Amino acid sequence: MATRITLKNVVLAFPALAEPQSLGEGEPAYGAKFPIVPNSEQQKLIEDAVAAEAKEAWKDKAKSVLSLLEEDGKVCFTKKVYKSKKTGEPYQGFEGKHYLSTRNAKTQPTVFDQYGEEVSGKGDIERKAFSGAVVHASIEVWAQDNKWGRRINCSLRGVMLTGEGENVGGGSAPASADEFAGLAKAKADAEDIL
């Protein structure tokens with residue numbers, strides 16, 4: 001079983017929506033991280049889904065198994081700040097927040113713009129679904145209990161962009177035509193040369 005929920009107006013971070021990427025250790029996969037405000041409605045939804053999946057998988061041992069998994073860092077929702085392992089500093093946008101990690105090994109999450117139109121193509125997805133974009137996210141929380149161990153995982157099914165947010169990915173945004181407005185030649189000038 002899996003518990004499907006929609007998180008509204010959350011910030012997208014470390015998105016791997018156009019193609020699989022290695023997010024830390026492990027095989028390349030689709031996914032993202034989401035900073036979650038402590039004690040928010042989003043946190044309550046996530047914690048309820050995690051508890052429901054633990055109860056379904058481990059019945060009367062759910063609380064003790066979940067506690068062990070949290071100690072071992074094997075739960076998709078982490079109640080601490082997401083920090084760089086190199087600097088020890090919180091990543092931009094994660095200051096004072098908890099975080100949700102999502103991962104899909106094979107299925108690419110869908111991306112929709114704020115009007116409900118699907119965004120496709122690697123370039124368009126990466127340009128519009130940037131780190132720092134505010135989105136609505138459809139996720140699925142599920143319990144794993146197999147030969148690879150026990151975990152509470154979260155799959156990212158898709159996101160809908162809200163048209164809000166500020167790029168915190170560290171990369172530059174593409175230049176707009178306005179930036180070159182005073183430098184462009186008139187078409188008549190170019191035709192005279194030919």
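Note that this is a predicted model, so its numbers are computed, not measured. As a basis for the values below, the full set of heavy atoms in this structure was taken, side chains included, without hydrogen atoms, waters or symmetry mates.
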Kindly work out whether a path of hydrophobic side-chain contacts (I/L/V/M/F/W/Y, heavy atoms less than 4.5 Å apart) joins [X] to [Y].
X	Y	result
V134	V159	no
V50	I5	yes
V135	Y30	no
V10	F94	no

Got a second to check how far [X]'s [atom1] is from [Y]'s [atom2], nearest 0.5 Å?
X	Y	atom1	atom2	value
K79	E70	NZ	CD	5.0 Å
E41	L7	CD	CG	10.0 Å
Q42	T6	CD	OG1	11.5 Å
Y82	E89	OH	CD	14.5 Å
I139	R157	CD1	CZ	10.5 Å
K33	L12	NZ	CG	12.0 Å

Please give me the minimum heavy-atom distance between [X] and [Y], naming the atom from each residue.
X	Y	result
Q108	L17	NE2-O, 2.8 Å
V75	T78	O-OG1, 3.9 Å
L66	A54	CD2-CB, 4.2 Å
N104	P109	ND2-CG, 4.3 Å
V119	D113	CG2-N, 3.8 Å
N9	H136	N-ND1, 3.2 Å

Measuring only between side-chain heavy atoms, which start at C-beta, is [X] closer than 4.5 Å to [Y]?
X	Y	value
S101	C154	no
Y99	P35	no
P90	E95	yes
R127	I125	no
P15	F130	no

*asked:* If we check side chain to side chain contact (heavy atoms under 4.5 Å, CB included) with K97, which of these qualifies: V37, V11, V81, I36?
replied: V37
*Go through the steps to decide whether K83 and Y91 satisfy the test side chain to side chain contact (heavy atoms under 4.5 Å, CB included), and finish with yes or no.*
CA-CA 5 Å; K83 296 180 180 180; Y91 283 107; 5.7 Å; no
*Is the F77 ring parallel, tilted or perpendicular to the H98 ring (thresholds 30°, 60°)?*
perpendicular
*Within the side chain of T102, is there an N or O that forms a donor-acceptor pair under 3.5 Å with the backbone of A32?*
yes
_Short side-chain to backbone donor-acceptor contact, E27 and S22, under 3.5 Å_ = no
*Going by the side-chain hydrogen bond (donor to acceptor under 3.5 Å, both in side chains) test, which pairs reach into residues 51-67, not counting sequence neighbours?*
T3-E53, W58-D145
*For the pair L100 and C76, evaluate side chain to side chain contact (heavy atoms under 4.5 Å, CB included) and give the outcome as yes or no after the intermediate values.*
CA-CA 6 Å; L100 176 70; C76 57; 3.9 Å; yes
_Walk me through whether T110 and E118 qualify under side chain to side chain contact (heavy atoms under 4.5 Å, CB included)._
CA-CA 7 Å; T110 50; E118 188 167 354; 4.0 Å; yes
*Report the C-alpha distance between R103 and N153 in whole Å, list the side-chain angles of each, state the deciding distance to 0.1 Å, and finish with yes or no for side chain to side chain contact (heavy atoms under 4.5 Å, CB included).*
CA-CA 8 Å; R103 187 176 190 282; N153 297 311; over 6 Å; no
*Does the ring-ring contact (aromatic ring centres under 6.0 Å, His included) test come out yes or no for F14 and F34, once each step is laid out?*
CA-CA 8 Å; F14 301 99; F34 297 94; over 10 Å; no
